[in-house]
Every structure is written in structure tokens, then in C-alpha cells.
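One structure is given here, and the rest of the page talks about it.
Counting convention: from 1, in listed order, for ligands and their atoms alike. Because only heavy atoms are used, hydrogens play no part in the values below, and waters and symmetry mates are left out as well, while side chains stay in. Every value quoted in this text rests on a predicted model; they were computed, and no experiment measured them.
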Amino acid sequence: MTKISSPPGVFDLIPNDAQEPWKNTSAWQYVEKIARNLAELYGLREIRTPLFEKTELFQRSVGEATDIVNKEMYTFEDRGGRSLSLRPEGTAPVIRAFVEHRLDLVPGGNRLFYIAPMFRYERSQKGRYRQHHQFGVEVLGAHDPEQDVEVIDLLYSFYRRLGLSEVTLCLNTIGDQATRTAYREALVDYLLPHRGALSPESQQRLETNPIRILDSKNEDDQALLAEAPAIHDFLKDQERTHFETVCSLLDQLEVPYQISQRLVRGLDYYSGTVFEFVVGQLGAQNSIGGGGRYDGLVHTLGGPPLAAIGFGTGLERVIQTMLAQGASFGDAIPLKIVLLCVDEVGRKAAPLLLHRLRSASLPAELDFNRRKLGRGIQWALEQGGTHVLILGEGELQSEKVVVKTLATEQQCVIGLDECVAYFKKISQGGPGDR
Ligand code: HAM
């Protein structure tokens with residue numbers, strides 16, 4: 001029979017992927033734990049929304065002219081004839097749920113986080129997948145620059161806690177709708193006479209979404225853009241002051257940043273502050289996280305006119321960067337006990353001992369395959385075992401067991417009743433051995 005492999009652009013997370021360690025479940029568990037701890041520290045509540053939504057949700061929020069909606073969504077009709085789409089991003093579903101459940105009236109309902117898969121039909125390559133996962137945060141209700149800084153600082157702290165270095169924060173403001181309309185006109189006026197010199201993609205964007213041309217990586221486009229009007233020349237006083245305050249608060253918190261007037265982000269709902277964290281280790285897919293203000297979106301989706309800001313950071317890219325930078329994934333479990341039974345009497349005693357150890361929160365496993373002692377020890381090492389407990393008739397008659405510490409190969413005999421206390425002490429950092 002032929003094997004069925006996973007579709008292109010998706011991947012499995014497995015206990016130990018020797019070739020591609022970023023796919024190890026333990027790495028993901030570690031990163032997700034740090035995200036959850038941090039979310040709690042910042043007073044955020046978890047939200048979980050469905051994997052799919054009505055297609056119009058993304059059309060109305062992310063925008064029909066964006067690549068995400070236009071080219072990358074997994075859209076299908078259900079048996080009832082509704083157009084549905086797998087979520088390509090987390091903000092729109094969260095705001096849909098916020099409005100639907102009147103979370104503005106629920107204490108803590110305006111400070112939300114999620115860790116969830118997203119789906120985009122993109123050309124798959126390293127760092128770009130058709131299912132990726134984001135740790136995302138959405139905070140609603142405050143216009144103030146202090147709120148922008150809290151969210152940016154949260155994301156920066158996440159990277160710092162994971163041990164990432166050389167992460168660059170790119171920061172910009174794109175003003176409100178009126179500012180962008182005025183800027184768009186000026187940009188089109190400037191680019192139209194040079195239309196033929198633009199890349200085909202930018203020529204198309206000139207019609208559909210001209211401001212996104214600023215994001216182009218094409219060298220000819222970049223050269224043309226060097227002389228283009230700058231968005232900051234179109235900001236209203238109040239927008240300029242807001243942005244300056246964000247910058248000076250970031251200075252205060254010692255969060256380093258670069259102002260990048262070309263940063264416009266690929267989703268239509270943004271207004272005001274936008275940001276992206278980039279790293280040097282991932283090649284073309286160098287953005288590990290991004291976000292910004294989207295003050296009009298809650299209202300657009302039928303809710304109250306609430307200001308909002310958030311971010312999403314891609315966990316695949318974060319983990320790949322951690323590996324590339326040699327960051328640690330936390331301490332290995334300091335203790336893992338493997339029970340080996342040398343005869344049937346030992347085997348009968350094993351389930352109760354295993355149960356007692358686990359009830360005391362001590363990680364323990366039993367070799368169910370009746371390996372011989374030497375093979376059993378080898379197997380214990382492969383499982384990441386730190387200690388082997390040898391159970392056999394001889395010892396059990398005197399209510400004793402043999403403990404072997406695998407790192408030192410030292411061996412001792414302890415009372416059967418002492419096992420839990422003995423390993424508890426080791427798990428708390430005590431010497432244990434005697
Ligand atoms: P985004 O920039 O489209 O923003 O995605 C956020 C992050 O998800 C990116 O910086 C990247 O790390 C990761 N990412 C995106 N697409 C892929 C992919 N195909 N493969 C791997 N990783 C990917 C948003 O999605 C916004 N919802 C963020 C936000 C939240 N803004 C405000 N609140």
C-alpha cells in the first residue's frame with residue numbers, strides 16, 4: 001500500500017524530530033508555557049474562537065484588496081451553501097467574538113490572548129507554512145500611547161524571556177483613514193509617471209492597494225521609493241504627538257527600536273501605530289511578530305467605537321530563531337524514574353509502586369516489554385531516564401528495591417516504603433544518593 005503523507009506546507013509536531021528540532025513538541029510546550037505565564041502577568045484572559053468563520057468577516061476586516069483575503073484564504077462552501085473560510089489570522093475572529101458576547105461588559109473581557117493555528121495558502125518555504133501558529137494579544141478600550149507601549153513591551157518581554165537576542169523592533173505610524181487617503185493620493189501621483197519601472201506586482205498594487213507598494217522587496221521599486229513622499233509628512237499634529245510619546249516611553253523602558261516609514265503591514269484594519277519584530281536568522285521570512293492599532297475595527301464589525309491594539313507572533317519562526325541563536329528551552333526534566341522488573345514477582349509489585357510515584361508527582365515509567373536488565377537500562381537511557389528502579393523477588397522479599405543513578409552508574413538499596421520520599425528529595429534538588 002502506498003503511504004499518505006501530509007499535504008504541502010503543513011507539518012506534524014512530534015516527540016523527537018532529530019532532523020528538524022523545531023518540530024519537537026517539548027520546544028512548543030516550553031514556548032507556550034512562557035506565553036501563558038506572561039499573559040497572566042499582564043492580566044490577559046484566554047479566548048478560543050472556531051477554526052473557521054464566515055468569509056465576509058475577513059473581507060470586511062482584513063480587506064478584500066489584501067493578499068491574505070484575495071489570494072491566501074482557504075474558502076469553501078458548507079453543505080448549507082454558506083461561504084466559510086479557515087481563519088488566516090486571529091484579530092478579526094476575536095473582535096467578532098468580543099462584539100457577539102458583549103465582552104465590553106464583562107470584567108477583564110477587553111484584555112485577551114490566544115495561542116492558535118492560522119491558515120494561509122502561501123507558497124510554502126522555510127518559515128512560511130500553510131498552517132502556522134500565533135501567540136496573539138488584543139487589548140481594547142484605550143487610545144493612549146501608554147497602551148501601545150504596554151503591548152509592544154509585552155511582545156519584547158516574550159522574546160527576551162525566550163532568550164532571543166538581536167531582535168529588531170521596526171516602528172511606524174500610518175495615521176488614520178483621512179491621513180492615509182491624503183497620503184495615498186500623493187503616493188499615486190508620484191508613482192504614476194514611473195509606472196513602467198515598477199515590478200509587475202507593484203503595478204497591480206498601484207490600482208488596488210498603493211500604500212502596500214512601500215513594502216515591496218523589489219530593488220527597482222525600492223530605488224523609486226527612495227524619493228517618494230513620506231507618510232510622516234501627512235500626519236496630523238495629534239498623530240505626531242501620539243507617535244512621539246510612544247517613542248519616548250519605549251526609550252524609558254529601554255526597548256530599542258528603529259523608525260521605519262516604509263512599514264505599513266499587510267492588513268487593512270490598521271491605523272496609527274504599527275510595528276514588527278525582525279531577526280537576521282530566517283532569511284526572507286524575517287518577521288517573527290507584528291501588530292498595531294486598529295481603532296476602527298470594533299465599530300466596523302458592529303460593536304461600540306472602541307480603540308484597540310494587538311500583535312501576533314508566529315511560533316514556528318520564534319522557535320526556529322531560538323534554535324538558530326542557541327537559546328535554551330528550559331531545564332530538562334531533572335528526574336525520570338524507569339522501573340525494570342527482573343522477574344514475575346517484581347512485575348507484580350510494579351503497578352502499585354508506579355502509581356505511588358506518579359501520585360506524588362514523580363515522573364515514572366515501566367518497561368512493559370520485559371527487557372533483560374542490560375537492554376532495559378539502555379532503553380531507560382533512550383527514554384531520558386535518570387534513575388532505574390530494579391524490582392526482583394530477592395529484594396522484594398525483604399521489602400527493598402535497587403536504585404541505579406544512570407549518570408553516575410552508582411547503585412544503592414532502599415526500603416520499598418522509602419521510594420517516594422527518596423525521589424521527592426532528588427526532585428527538590430537534594431542529593432538523594434547514598
Ligand atoms: P501578521 O503579520 O499577518 O499579523 O502575522 C503575524 C505573524 O505570524 C508574522 O509576523 C509571522 O511571524 C507569522 N506568520 C504569518 N504568516 C505566516 C506563515 N505563512 N507561516 C509562518 N508564520 C507566519 C497578523 O496576523 C495580525 N492578526 C497580528 C495582529 C494582532 N495585529 C493586531 N493584533
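Listed by number with element, the atoms of ligand 1 under 4.0 Å from a non-hydrogen atom of Gly291 are 31 (N). The Gly289 neighbourhood of ligand 1 comprises atoms 10 (O), 12 (O), with distances under 4.0 Å to a heavy atom of that residue. With ligand atoms numbered from 1 in the order given, ligand 1 contributes 5 (O), 6 (C), 8 (O), 25 (O) to contacts under 4.0 Å with heavy atoms of Gln134.
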request  = Take His133 and Tyr129 through the test ring-ring contact (aromatic ring centres under 6.0 Å, His included) and record every step on the way to the result.
outcome  = CA-CA 9 Å; His133 299 75; Tyr129 306 97; 9.4 Å; no
query = Passes side chain to side chain donor-acceptor pair (under 3.5 Å), Asp176 versus Thr179? Steps please.
reply = CA-CA 5 Å; Asp176 67 7; Thr179 301; 3.0 Å; yes
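With a 4.0 Å heavy-atom cut-off, ligand 1 is reached by no atom of Tyr121. Within the 4.0 Å heavy-atom criterion, the part of Glu122 lying near ligand 1 is the side chain and not the backbone. Neither the backbone nor the side chain of Gln285 has a heavy atom within less than 4.0 Å of ligand 1.
For Glu89 (side chain) and Thr91 (main-chain N/O), a donor-acceptor pair under 3.5 Å exists by modelled atom type.
For the pair Arg48 and Tyr114, the cation does not sit on the ring face, since its NZ or CZ is not both under 6.0 Å from the ring centre and inside 45° of the axis.
Arg205 and Glu201 are joined by a salt bridge, as a carboxylate oxygen and a charged side-chain nitrogen come within less than 4.0 angstrom of each other.
Here atom 17 (C) of ligand 1 lies nearest to His132 when heavy atoms of His132, Arg293, Gln125 are compared. The nearest non-hydrogen atom to atom 24 (C) of ligand 1, considering only Glu276, Lys126, Arg120, Met118, comes from Arg120. One option in Tyr270, Phe275, Tyr114 has a heavy atom closer to atom 29 (C) of ligand 1 than any other, and that option is Tyr270.
Of the options His232, Arg262, Gln261, a side chain to side chain donor-acceptor pair (under 3.5 Å) to Asn172 is made by His232 and by none of the others.
Note that the CZ atom of Arg293 and the NE2 atom of His242 stand 5.0 Å from one another [nearest 0.5 Å].
Taking distance alone, with nitrogen or oxygen atoms compared against 3.5 Å, Ile288 approaches ligand 1 more closely than that limit.
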